[in-house]
Structures are given as structure tokens and as C-alpha cells.
K.L.:
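If you scroll down you'll find the structure; I have some questions about it.
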Amino acid sequence: MSAFRSERAGKVQSEFDPQQPVRRFAHGSRVPGWDEHVDLTKQPATIPDPATTEVPAQLRKAIEEAMARYPDRHSASIPALHLAQAEHGWCSPEAITQVACVMRVTPAYLTSVASFYDMFALEPKPEHDVFVCTNISCSLLGADEFYESMCAAAEGHPTIGVRGFECLGACDIGPMASVDGEYVGPLNETDAIQIVEDIEAGRSVLEHKQLRYRACADPGAATQ
Amino acid sequence: MSPHILFEAIDEPGLNTLPVYEARGGYQALKQALTYPPAAIVQEISDSGLRGRGGAGFKMGQKASFLPVTDAPKYLVCNADESEPGTFKDRELMQKSPHMLIEGIVITAFGTGIHEAFIYIRGEYEYQADILEAAINEARAAGYIGENILGSGHNLKLVLHRGAGAYICGEETGLLDSLEGKRGNPRLKPPFPAIEGLYDGPTLINNVETLATVPHIITMGGKEYAQIGTETSTGTKLVSVSGDVQKPGNYEITLGIPSREIIYDLAGGPPPGREIKMWFPGGSSSPVLTAEDLDVPYDFDSMAKAGTMLGSGAIIVVDDSHTVLEVAFKLAKFYAHESCGKCVPCREGTNWTQKMIERMQDGLATPMDLDLMAGVQTQIIGNCLCVLGDAMAMPVGSLVEKFRSEIEAEIAAAQQRPVLV
């Protein structure tokens, strides 16, 4: 946290000048973002034509199965985007178009959904996700420092993406991280290096610190 | 030691599989419930006094009784989008005893005449979702869900739905929109979900822990269950204790015991040499309490009387090695990130609160910033469709109220620090 703060403080000091007009982005707002995924010079895309859109057979089948589970096929948008992201590595325009084609919705509808949720990537992302919880309980126990160690350890490893994440629901093992969905903790600096080594070696990550093996803390819950 | 209902033998190897669960008496409550008239099940739940374990503490029996009697499709949604910072009880329950939840869902659906149920689990809980999915398949193969359950004539379809990372989807109407395949924006209430919810049908939404308690209520009888705990907060509660304590984790407690017992006797208290500065009794959304409030009984009404709430039952302990602004910043940053942006007071209020706290930490605060920040909190509360904004405004407001002089000292100290350029 300290490094982050001093960096920000430095920026505020050097860039803030009340005499200068406020910097604005091309769309007129002081906030970037809302049109990042939009090409405003084009007409909105319609529902992709099944005759000309190629969809991998397995993906099509999985999305159709997901749609069949719900009374309304739109409910399958999140499961379908999960499937497409697993297939393509991220929610690329191609992935979105394929889902839109199978679900019979517009790509814009799916983009609106994908951009809402933290787990969908609308930009290419590294193959391995390391989500470090930096929320309150973990940060009380040093999560911000661990996040920095994790970033440092992953430097030079382009297949590993480290991201600070909101509460992952495992404050009992804080500071913790979710490595490709596997919860591990409590973590320290050396664990950061071990995590990178385990990912690179294709091993199960920090097996002795995995949440799945942790016993309940409540003494009254002992097996009888 | 207080009775253990949900956590009894929770660590038994293989409890997540059907044979072990059945060997421990699993699905007996369902068999018993299927012999009752449906209305009697809702009556048992009402008699038990069971209050929702997700945060609001609304009586489950009352909520179920709001559902209209109709042949039109009705839905049951289990809220497993456990995202409130500090809360991790449902995770342990789903991972170790998924059939308890499934049994509770089937009994509740039978009691309320519902034929379609969904479990909305947060996307990050991949391991727990896999376990739950396997358990649902086992239960389906054994005839506990599906067509004509155990010859009762009742049908139930149960679908596990994985979310994709959004705190707001734990809010019931946000969850419904998300389950319908949209962005998880909360809806205007009324109409309440019990009248118009999922796919515009009457919908009953309950938390994992609430539904998992239902089989035990059937086994024990509602009136017997109501004997546990206090008069208005009946039963046991899973409490997640985290932060600056020596033994963080989930504990099953009887509602009404002194909070001190949970924090010190069960969770081991703060690290040696440290004192408790403040604690959140019900997740990060609850107004903070101080060391002076440690003897407040841990139940819904006592917490409300102390000016806070039991919420999801997540106790976060902060010791005296942390500054107040540090805590406030983490809160504001989280809610600013998770605000869906639909209502202006929340979207702008959380965002500017974060910025004001940043200014204070960086030594750039103006003298009016603290009052301005306190004022913003009062303008958020009650002015949005859902309580996400309130969930920041209440704890941040309480921090300013209870630690004002300390925050002022921290602001002054920050202004003395040389700023790195």
C-alpha cells in the first residue's frame, strides 16, 4: 500500500495545477472507459448469422445445454460467457460473436453482461489468474504487502496475471489468493515465489496451504 | 458448549457424498416432511422463529407465507453469492455438507409448492460449486430431486448457477437480474420478489445457512428449535471471525451469548500485546463497535439496540496497530468498486468518499473534508434502490462518529509528512 500511496501522492503533487483546464478524454468525460469496447463509427451489430458464423461444435453444444437448463434462454448468458472464455482465453470479440450466434442475442447484449462482472476479461489476459484478496480482513493481516510480493514474483512470467481482488470469502486463511480457482493461504513473501514456481512447473499450487484441506476452526464441530 | 446443529461432525470424511450423509441420518427429515401437508412445513418454519441468515434477518416463515397461492410458476432461489467482506460461513457449509443445503431446498420447495429452484453461487467458489454439482447429481440419481420425489407426487428441478464476480449480485433483486442473464442491477421494490421476482414469477429467496437449517427444524420441530437462543433470535448461527484474531474461522454459536465469548474464547482474541480497537459485528457493512461493546449479547435485537446489526454474522476484528483511515479507505474502495452505478447517491457517494479518504491519507485534506464526508454518508442512506450505498455509509459514518478525534489527528499527521514528488 505504501508504495501505491506515495506514487499517487507524487502524481497529485506534480500534475495538479488549478490554472490548467481539467483533462478530458475524447468523448468529453473526465472518466475513461464507457466507450472502450465500442466503435462509435459503426452501426450496432445485429444477431450474428448462423450461416456465416463458425462456432466450435463443443462450445455450441455446451451453450445449448446451458440454455436448456433455464425457463428463459437469456439466463444462460453468464454460463455461456464462462464457457467461451475458457475456450478462447478471454471474452474476445470472436468469442462474444460465437456466443451471440448460439444464444440468438446481439453481441452488445453480451458485452454489457461481460463488462459488468469481474471474472470476464474483455481484453487478452494471461493464461493463469492469481487473484490476491486485498479487502479488509486480509489487508489487516498484510495483504497489500503480499500483493506487492506477488507482483514482484510474477514479473517476467507473462503467463501469470496477478490481480488485486475484492473479498474472495476466505478471510480465515488471510492473506489469501485464488490461483486458477484454488484458494491458498495464509500467505507470505516466500509463498509468492513458490506460487510462481508451482504454476510454471504445472504442479498443484501450495498444496499444504490449500483451503480444501483445512479443518473447521470450531472445536465443537469435531468428528464424533 | 452450545449445541451444534449445522456444524455437527462437519469434518467427517466424505460428508459431502450421499452415502456418508445418509448414514448420518441425512434425508430423513425430507422423508418426514413429505408426510406432512405442505402448509404444516411453513408452519413449522414459522414456529421455529428462524430469521434469515444472509444479512437482513427477516423471518423465513413470514417470507414464505407472502408467496401467493397460485398454479403459475413460482421459484425458489438459494442465495450462495456470499460476497460480504468477512463472511465465509456458507463456503464451509457448501463444501463440507452440500446435501444439507439440498435437503433444505427440497423441503422448502415442497412446503411452498415450488417446482423450480436455483442455487446462485458466486463464480469464485469454483471448488465448492463442483462439490455442490456432484451432490445435486447424486441427489437426483437417488430420487431426492426430479420427478415425483420419493413417491410424493412433488416435482423439483434444481439448477446450480455460477456467478461471475459481483458483490451486488448478493442483493436479492440484483441476483434475480443476474440470474435472468442481465447485468446485476437491483430493482425497485415493491413489488417484492415474493410477488414478482424471477421471470416475473413469485420468488422465495433465502440464504444458504437459512435453507440448510430447515431439515433440522423439521427433525426437531419448530417449537423445539425456538427453545434455542433468545426469544426473538432463535437457534444457532454460524459466525465467521476474521481479521486480527489468533484463531480465525467459522464457529457455530447459540444466539444471545456475549460477543466477548466469540472473539476471545473461541477466536482467541487479538495477537499478544494488542488491544481491540474496533470490530464489525456483521460484515463490513455493519456500523462498527468498540472494545466497550464486547459484552453486548450476539443476537439480532441486541445488536440493533447497540446501533449496529448482526448482518451475515461476520465479525471482523481490528486491533490498535491500524489507523482508522486505513480501515475507512478499504471500505470505501470496496463499495466504490462494487457499486453498480444505477443510483446516483451510491455511485457518486462511494466514489467521492474514497477520494476524500485518499486526500486525507495523502495530507491534502481541506479542513471541511471530514464534515463533508460525514454529510455525504447521510445523503446516501435511504436514497437508493438497494442498500449497497448504505452498506458503506453506515460503517464509514460510524467511524467518523466514534473516532472523530483520532481521524482528525491522523489527518493532521498526514499533513506534516513530507509528500514524495
Side-chain angles (χ1 to χ4, degrees), chain A residues 1 5-10 12-14 69-79 81-82 105 109 112-120 131 134-141 165-174 178 181-183 211-212 214-224, chain B residues 1-2 4 7-12 73 82-83 85-88 91-92 95 116 122-127 159 161-167 178-184 199 240 242-244 247-252 266 284 316 318 322 327 330-331 334 337-338 358 361-362 364 419-421:
Chain A
M1 168 119 187
R5 241 180 59 196
S6 54
E7 183 197 343
R8 180 157 40 72
V12 172
Q13 281 290 299
S14 57
R69 284 203 294 270
Y70 302 93
D72 179 345
R73 70 178 197 286
H74 291 89
S75 286
S77 64
I78 291 176
L81 286 165
H82 273 306
V105 294
Y109 172 77
S112 83
V113 173
S115 59
F116 189 84
Y117 299 94
D118 284 347
M119 289 175 76
F120 294 130
F131 297 158
T134 54
N135 208 300
I136 184 147
S137 291
C138 283
S139 76
L140 291 171
L141 303 169
F165 220 77
E166 297 304 351
C167 186
L168 287 156
C171 322
D172 45 348
I173 55 166
S178 163
E182 186 73 57
Y183 280 27
L211 177 74
R212 62 172 77 196
R214 192 182 162 89
C216 184
D218 192 339
T223 307
Q224 285 148 3
Chain B
M1 190 170 289
S2 54
H4 277 67
F7 265 3
E8 197 200 334
I10 192 82
D11 274 328
E12 173 144 342
E82 186 174 56
S83 313
T87 315
F88 45 91
R91 185 206 74 209
E92 188 148 16
Q95 175 183 327
E116 200 145 9
R122 64 181 298 191
E124 293 91 337
Y125 283 174
E126 289 177 33
Y127 178 60
V159 174
H161 183 93
R162 297 176 198 228
Y167 171 67
S178 178
L179 190 48
E180 288 179 5
K182 304 171 192 157
R183 295 164 70 89
Y199 311 121
S240 311
S242 68
D244 296 316
K247 288 183 279 178
N250 285 314
Y251 298 92
E252 181 165 8
L266 291 171
S284 69
I316 306 170
V318 182
H322 303 281
V327 174
K330 280 288 168 191
L331 292 177
F334 169 69
H337 178 254
E338 297 294 347
E358 277 179 6
Q361 287 184 315
D362 291 344
L364 300 168
V419 178
L420 298 165
V421 179

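Worth knowing before you read on, the calculation uses all heavy atoms, side chains too, and leaves out hydrogens, waters and symmetry mates. Keep in mind the model is a prediction, meaning the values are calculated, not measured. Protein chains get the first letters and strands the later ones, always in sequence-line order, with residue 1 at the start of each.
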K.L.:
Picking from Glu126(B), Glu338(B), His322(B), which has the most non-hydrogen pairs under 4.5 angstrom with chain A?
P.N.:
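Counting heavy-atom pairs under 4.5 Å, the top option is His322(B).
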K.L.:
Are side-chain heavy atoms of Phe7(B) and Cys216(A) found at a separation under 4.5 Å?
P.N.:
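Of all side-chain heavy-atom pairs linking Cys216(A) with Phe7(B), at least one is under 4.5 Å.
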K.L.:
Answer with side chain, backbone, both or neither: which region of Ser112(A) has an atom nearer than 4.5 Å to a non-hydrogen atom of chain B?
P.N.:
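For Ser112(A), heavy atoms of backbone and side chain both lie under 4.5 Å from chain B.
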K.L.:
How far does SG of Cys138(A) sit from NZ of Lys330(B), to the nearest 0.5 angstrom?
P.N.:
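Nearest 0.5 Å value for the SG-NZ distance: 9.5 Å.
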K.L.:
Between His74(A) and chain B, which part of the residue has a heavy atom less than 4.5 Å away: side chain, backbone, both or neither?
P.N.:
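The answer is both parts of His74(A).
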K.L.:
Under a 4.5 Å heavy-atom cut-off, does chain A meet the side chain of Glu92(B), its backbone, both or neither?
P.N.:
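Only the side chain of Glu92(B) comes within 4.5 Å of chain A.
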K.L.:
To the nearest 0.5 Å, how far apart are CG in Leu168(A) and CZ in Phe131(A)?
P.N.:
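It comes to 8.0 Å.
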K.L.:
Is chain B contacted by the side chain of Arg214(A), its backbone, both, or neither, given a heavy-atom distance below 4.5 Å?
P.N.:
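Answer is both: backbone and side chain atoms of Arg214(A) are under 4.5 Å from chain B.
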K.L.:
Check Ser178(B) against Tyr117(A) and note the closest heavy-atom contact, atom names and distance.
P.N.:
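Looking at all heavy atoms of both residues, the shortest contact is OG-OH, 2.9 Å.
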K.L.:
Do Ile316(B) and Leu140(A) come close enough that some side-chain heavy atom pair is under 4.5 Å?
P.N.:
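SC-SC contact between Ile316(B) and Leu140(A) confirmed.
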K.L.:
Look up atom CG in Asp172(A) and atom OG in Ser240(B), then write down how far apart they are to the nearest 0.5 Å.
P.N.:
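Output value for this atom pair is 7.5 Å.
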K.L.:
So which part of Glu252(B) gets closer than 4.5 Å to some heavy atom of chain A, the side chain, the backbone, both or neither?
P.N.:
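Its backbone and side chain both get close to chain A.
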K.L.:
Counting only heavy atoms closer than 4.5 Å, note whether Ser83(B) contacts chain A via side chain, backbone, both or neither.
P.N.:
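It is the backbone, since no side chain atom gets that close.
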K.L.:
Taking all atoms of both residues into account, what is the closest heavy-atom pair of Ser137(A) and Ser242(B), and its distance?
P.N.:
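Minimum heavy-atom contact is OG-OG, 2.7 Å.
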K.L.:
Select one option (side chain, backbone, both, neither) describing which atoms of Tyr183(A) are under 4.5 Å from chain B's heavy atoms.
P.N.:
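Contact with chain B is through the side chain of Tyr183(A) alone.
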K.L.:
Side chain from CB out, backbone as N, CA, C, O: work out which of these in Phe334(B) comes under 4.5 Å of a heavy atom of chain A, or both, or neither.
P.N.:
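Backbone plus side chain of Phe334(B), per the 4.5 Å heavy-atom cut-off to chain A.
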K.L.:
With a 4.5 angstrom heavy-atom cut-off, is it the side chain or the backbone of Tyr167(B) that approaches chain A, or both, or neither?
P.N.:
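Answer is neither: Tyr167(B) stays 4.5 Å or more from chain A.
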K.L.:
Taking the side chain as every heavy atom from C-beta outward, state whether His161(B) and Pro79(A) have any atom pair closer than 4.5 Å.
P.N.:
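A side-chain contact exists here, since the closest heavy-atom pair is under 4.5 Å.
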K.L.:
Please state whether the side chain, the backbone, both or neither of Arg183(B) comes within less than 4.5 Å of a heavy atom of chain A.
P.N.:
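For Arg183(B), backbone and side chain are both near chain A.
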K.L.:
Sort Ala215(A) into side chain, backbone, both or neither according to what part of it lies under 4.5 angstrom from a heavy atom of chain B.
P.N.:
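Both parts, heavy atoms under 4.5 Å.
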K.L.:
Which bit of Ile78(A) comes within less than 4.5 Å of chain B, counting heavy atoms only: side chain, backbone, both or neither?
P.N.:
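It is the side chain, since no backbone atom gets that close.
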K.L.:
Name the region of Ile173(A), side chain, backbone, both or neither, that has any atom closer than 4.5 Å to a heavy atom of chain B.
P.N.:
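Nothing of Ile173(A), per the 4.5 Å heavy-atom cut-off to chain B.
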